[in-house]
Enquirer: 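What follows is a structure written as structure tokens; I'll ask about it next.
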There are 2 protein chains.
Amino acid sequence: MGYDRLVFSETELLAVFRALSNPARRQMLVWLKDPMSFPGQEPADVEIGVCVSDIQQRAGLGQSTTSQYLTILRQAGLVIATRRGKWTYYRRDEANIARLLETLRDVF
Amino acid sequence: MGYDRLVFSETELLAVFRALSNPARRQMLVWLKDPMSFPGQEPADVEIGVCVSDIQQRAGLGQSTTSQYLTILRQAGLVIATRRGKWTYYRRDEANIARLLETLRDVF
DNA sequence: ATCACATATTGGCAATTCGCGATATGACGA
DNA sequence: TCGTCATATCGCGAATTGCCAATATGTGAT
């Protein structure tokens, strides 16, 4: 909770734009706005996010590619991963995304 | 003046994020917010923009690279090019950048 | 301990990007 | 017309990305 600076550093921005320069990764981020739109998603799961295989099925990509793309989104600070059992759930990092949008408004 | 849609299409977003996924190109866009910060820039020139060689000198890149990067920014709809004599002046497309930021706020 | 399952990591290859030097285009002046 | 200057385009090798199959890691059930 809470971030060092208000604005993103050059390095952070690089990771963000590289992450979002791929349509599949951008899609994933948009899909995660509405976790309930994934089949078999329970209302109780919304807070923790969506598991990799559900995202993979929707993306139509391979398992390894999906996992890698989610890692890239996580390293860019756009999503948060939570491991529970054998599943890893991903959800948007809304606070950081909001901070990003503020940075973009300042910088551009 | 004026654009077809309020929000950017998938193709437009791809061009934008690819363009901004390079630090040098992002720098150029930020520099162009203040054309007067370029040496030898006259107040009368502000509206038309900054010529390629001035941007090149500041970026420390080769001439061809600078020209290509500005073309990429132009194709992404982020800057506007104006040819006057042997010079090409580049300035920010503020209207389109504002439209982009609205799209980002909607989509992300 | 062993198995099955979800996810992460590795290795690979085709396609793209990075940045450059060389060259082409286009505008102006002599 | 010829030469010069500003910019654009071309062609290149090195580095990175896109996506995959294969393999490794970790977790829960038996």
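None of the values given here were measured: they were computed from a predicted structure. Note on naming: letters A, B, ... go to the chains in the order of the sequence lines (proteins, then strands), and numbering restarts at 1 for each one.
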Enquirer: Could you tell me the separation between the CD atom of B/Gln75 and the C1' atom of D/dA8, rounded to a whole number of Å?
Expert: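 Atom-to-atom, B/Gln75 to D/dA8, this comes out as 12 Å.
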Enquirer: According to a strict under-4.0 Å criterion, is B/Thr71 in side-chain N/O contact with OP1 or OP2 of D/dA8?
Expert: no
Enquirer: Between C/dG12 atom P and A/Gln68 atom CD, what is the distance in whole Å?
Expert: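 These atoms are roughly 15 Å apart.
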Enquirer: Are OP1 or OP2 of C/dT17 and a side-chain N or O of A/Arg18 less than 4.0 angstrom apart?
Expert: no
Enquirer: Between D/dA8 and B/Thr88, is there an OP1 or OP2 to side-chain N/O distance shorter than 4.0 Å?
Expert: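 Looking at the OP1 and OP2 atoms of D/dA8, one of them is under 4.0 Å from a side-chain N or O of B/Thr88.
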Enquirer: Between atom CZ of A/Phe108 and atom CG of B/Leu20, what is the distance when rounded to the nearest 0.5 Å?
Expert: 5.5 Å
Enquirer: Any side-chain N or O of A/Tyr69 under 4.0 Å from OP1/OP2 of D/dC19?
Expert: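 So the side chain of A/Tyr69 is within the cut-off, an N or O lying under 4.0 Å from OP1 or OP2 of D/dC19.
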Enquirer: Is it the case that the base of C/dA8 and the side chain of A/Gln63 share a donor-acceptor contact (distance under 3.5 Å, atom types as modelled)?
Expert: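 Looking at the base of C/dA8, it does pair with a donor or acceptor on the side chain of A/Gln63 (distance under 3.5 Å).
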Enquirer: Toward the 5' end of DNA chain C, which comes first, B/Arg84 or A/Leu70, by nearest nucleotide?
Expert: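 That would be A/Leu70.
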Enquirer: May I have the distance from A/Tyr89 (atom OH) to D/dT27 (atom C1'), rounded to whole angstrom?
Expert: 12 Å
Enquirer: Distance check, rounded to the nearest 0.5 Å: B/Ile80 atom CD1 versus B/Ile48 atom CD1?
Expert: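 Taking CD1 in B/Ile80 and CD1 in B/Ile48, the distance rounds to 11.0 Å.
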Enquirer: Taking only the side-chain nitrogens and oxygens of B/Asn22, find out if one of them lies under 4.0 Å from OP1 or OP2 of C/dC18.
Expert: yes
Enquirer: Round to a whole Å and report the spacing from CD1 of A/Ile72 to C1' of D/dT16.
Expert: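 Roughly 11 Å, once rounded to whole Å.
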Enquirer: Could you tell me the separation between the CD atom of B/Gln56 and the P atom of C/dC20, rounded to a whole number of Å?
Expert: 9 Å
Enquirer: Of the listed nucleotides (D/dA6, C/dA6, C/dG21), which one gets closest to any side-chain atom of B/Lys86?
Expert: D/dA6
Enquirer: Side-chain donor or acceptor of A/Ser53 under 3.5 Å from a matching atom on the base of C/dA6?
Expert: no
Enquirer: Report which part of the nucleic acid B/Arg74 touches: base, sugar-phosphate, or nothing (heavy-atom distance under 4.0 Å, all strands).
Expert: nothing
Enquirer: Taking atom CG of A/Leu78 and atom CZ of A/Arg26, what is their separation to the nearest 0.5 Å?
Expert: 12.0 Å
Enquirer: Does A/Ser64 or B/Ala81 map to a spot on DNA chain D nearer the 5' end, using the closest nucleotide for each?
Expert: B/Ala81
Enquirer: Rounded to the Å, how far apart are A/Gln57 CD and C/dT7 P?
Expert: 12 Å
Enquirer: OP1, OP2 of C/dA8 versus side-chain N and O of A/Tyr90: anything below 4.0 Å?
Expert: yes
Enquirer: Over how many whole Å does the gap from B/Arg26 atom CZ to C/dT17 atom P extend?
Expert: 16 Å
Enquirer: With distance as the sole test, does B/Asp54 use its side chain to make a donor-acceptor pair with the main-chain N or O of B/Phe38 at under 3.5 Å?
Expert: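 It does not hold such a pair.
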Enquirer: Decide if atom CD of A/Gln57 counts as having more than 12 heavy atoms of other residues, nucleotides or ligands within a radius under 6.0 Å.
Expert: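 Atom CD in A/Gln57 is not packed in, count stays at 12 or less.
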Enquirer: If only atom types and distance count, is the side chain of A/Ser67 paired as donor or acceptor with the main-chain N or O of A/Ser64 below 3.5 Å?
Expert: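 No; judged by distance alone, with no hydrogens or angles, the pair does not exist.
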Enquirer: Side-chain N or O of A/Thr65 versus OP1/OP2 of D/dC19: is the shortest distance under 4.0 Å?
Expert: no
Enquirer: Using atom CG of A/Leu73 as one end and atom C1' of C/dT7 as the other, report the distance to the nearest whole Å.
Expert: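 From A/Leu73 CG to C/dT7 C1': 16 Å.
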